[in-house]
J.: 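Quick one: the structure is below, and I'll ask about it shortly.
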Amino acid sequence: MTQTLNTSQRGILMTEAALNQVRSLRDKQGSDLCLRVGVRQGGCSGLSYTMDFESSDRIQDNDEVFDYDGFKVVCDPKSLLYLYGLMLDYSDALIGGGFQFTNPNATQSCGCGKSFSA
């Protein structure tokens, strides 16, 4: 069972496994990066999740920033409408491993778990 980190006042939740994985990936690319999470049109269910590292100086005034002990997760306000309460988890299983999104706003998700409709 994966452990969820302290989630008070956070619109995007991360398990310890997910946080450890994104920190590890970030450390390979550079230390002053944050994780931007969002949605875009596309995917087999209508909306696709997006995740990418970007420089902390690209954080916009209207972005929501969630701090995990110094690691910042950033989301734009439009995406947050679809993602509020999202749980991001990570598994290193050989089959079905990788990042998993559990989204309470999704009315339907595709089989791969990377797109949804709301």
Side-chain angles (χ1 to χ4, degrees):
M1 174 114 189
T2 49
Q3 184 177 17
T4 305
L5 299 172
N6 178 4
T7 59
S8 60
Q9 304 301 314
R10 293 199 178 129
I12 296 178
L13 312 173
M14 294 181 76
T15 64
E16 215 172 305
L19 184 59
N20 289 339
Q21 181 64 17
V22 294
R23 279 184 172 150
S24 174
L25 292 169
R26 180 208 49 195
D27 290 346
K28 293 175 184 174
Q29 296 186 31
S31 60
D32 189 34
L33 298 174
C34 60
L35 179 69
R36 181 168 291 278
V37 179
V39 297
R40 67 173 180 221
Q41 291 291 113
C44 41
S45 292
L47 296 169
S48 294
Y49 297 105
T50 62
M51 273 191 346
D52 206 355
F53 292 109
E54 70 178 23
S55 176
S56 295
D57 62 3
R58 296 198 54 200
I59 297 173
Q60 303 295 308
D61 289 339
N62 63 344
D63 284 336
E64 289 289 331
V65 179
F66 307 101
D67 189 273
Y68 284 89
D69 297 323
F71 181 79
K72 291 180 175 53
V73 177
V74 181
C75 186
D76 67 272
K78 287 183 182 179
S79 291
L80 195 58
L81 292 173
Y82 296 103
L83 298 180
Y84 194 85
L86 173 79
M87 173 64 71
L88 183 60
D89 194 8
Y90 180 80
S91 168
D92 59 3
L94 291 176
I95 297 177
F99 287 101
Q100 286 113 25
F101 303 88
T102 304
N103 188 346
N105 306 298
T107 57
Q108 184 178 352
S109 294
C110 69
C112 70
K114 307 301 182 210
S115 71
F116 68 101
S117 60

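The structure displayed is predicted, hence computed values, not measured ones.
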J.: Any non-hydrogen side-chain atom of Leu88 less than 4.5 Å from a side-chain atom of Phe99?
T.: yes
J.: Honestly curious: do Val74 and Leu86 fall in one hydrophobic cluster under the side-chain, below-4.5 Å linking rule?
T.: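 They do not share one cluster, since no chain of ILVMFWY contacts under 4.5 Å joins Val74 to Leu86.
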J.: For a quick test of reading the model, state the closest non-hydrogen atom pair linking Gly38 to Ser79 and the distance between them.
T.: CA-OG, 3.5 Å
J.: Grab the two heavy atoms, one from Asp69 and one from Arg23, that are nearest each other, plus how far apart they are.
T.: O-NH2, 3.4 Å
J.: For Ser24, what residues pass the side-chain hydrogen bond (donor to acceptor under 3.5 Å, both in side chains) criterion, not counting sequence neighbours?
T.: none
J.: Which residues pass the side-chain hydrogen bond (donor to acceptor under 3.5 Å, both in side chains) test with Asp27, sequence neighbours left out?
T.: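 Applying side-chain hydrogen bond (donor to acceptor under 3.5 Å, both in side chains) to Asp27 gives none.
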J.: With sequence neighbours excluded, what pairs up with Asp92 under the side chain to side chain contact (heavy atoms under 4.5 Å, CB included) test?
T.: Tyr90
J.: Quick one: pull up OH in Tyr82 and SG in Cys75 and give me the separation to the nearest 0.5 Å.
T.: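 So the OH of Tyr82 and the SG of Cys75 are separated by 12.0 Å.
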J.: For Pro77, what residues pass the side chain to side chain contact (heavy atoms under 4.5 Å, CB included) criterion, not counting sequence neighbours?
T.: Asn62, Asp63
J.: For Val39 versus Thr50, what's the shortest heavy-atom pair and its separation?
T.: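 Closest heavy-atom pair between Val39 and Thr50: N-OG1, 3.8 Å.
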J.: Gly85 and Pro104: which non-hydrogen atoms are nearest, and at how many Å?
T.: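 Looking at all heavy atoms of both residues, the shortest contact is O-CD, 3.4 Å.
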J.: Quick one: does Tyr68's side chain have a donor or acceptor within less than 3.5 Å of a partner on Met14's backbone?
T.: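 Side chain of Tyr68 to backbone of Met14, a donor-acceptor pair under 3.5 Å: yes, one is there.
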J.: Are any non-hydrogen side-chain atoms of Leu80 and Ile12 less than 4.5 angstrom apart?
T.: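 Touching, per the 4.5 Å side-chain cut-off.
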J.: Return the set of residues passing side-chain hydrogen bond (donor to acceptor under 3.5 Å, both in side chains) with Asp57 (not counting sequence neighbours), or none when no residue passes.
T.: Ser55
J.: Would a hydrophobic clustering, with Ile, Leu, Val, Met, Phe, Trp and Tyr connected at side-chain separations under 4.5 Å, put Phe71 with Ile59?
T.: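 No, it is not one cluster - the side chains of Phe71 and Ile59 are not joined through contacts under 4.5 Å.
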J.: If the test is salt bridge (charged side-chain N to carboxylate O under 4.0 Å, His left out), which one of Lys72, Arg26, Arg36 qualifies with Glu54?
T.: Arg36
J.: Can you tell if the side chain of Leu47 reaches within under 4.5 Å of the side chain of Arg40, non-hydrogen atoms only?
T.: no
J.: Holding to side-chain hydrogen bond (donor to acceptor under 3.5 Å, both in side chains), I want the full list of residues that pass it with Thr102, two or more places apart in sequence or in another chain.
T.: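 For Thr102 there are no side-chain hydrogen bond (donor to acceptor under 3.5 Å, both in side chains) partners, ignoring immediate neighbours.
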J.: When rounded to the nearest 0.5 angstrom, what is the spacing between CG in Asp76 and CD in Glu64?
T.: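 One finds 10.0 Å between CG of Asp76 and CD of Glu64.
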J.: Would you say Leu25 and Met51 make side-chain contact, with heavy atoms under 4.5 Å?
T.: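 Side-chain contact under 4.5 Å: no.
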J.: Between CG of Leu83 and OH of Tyr49, what distance do you get to the nearest 0.5 Å?
T.: 6.5 Å
J.: Does Asp89 reach the main-chain N or O of Gln100 with its side chain, forming a donor-acceptor pair under 3.5 Å?
T.: no
J.: Consider only side-chain heavy atoms of I, L, V, M, F, W and Y, link residues closer than 4.5 Å, and tell whether Val22 and Phe66 are in one cluster.
T.: yes
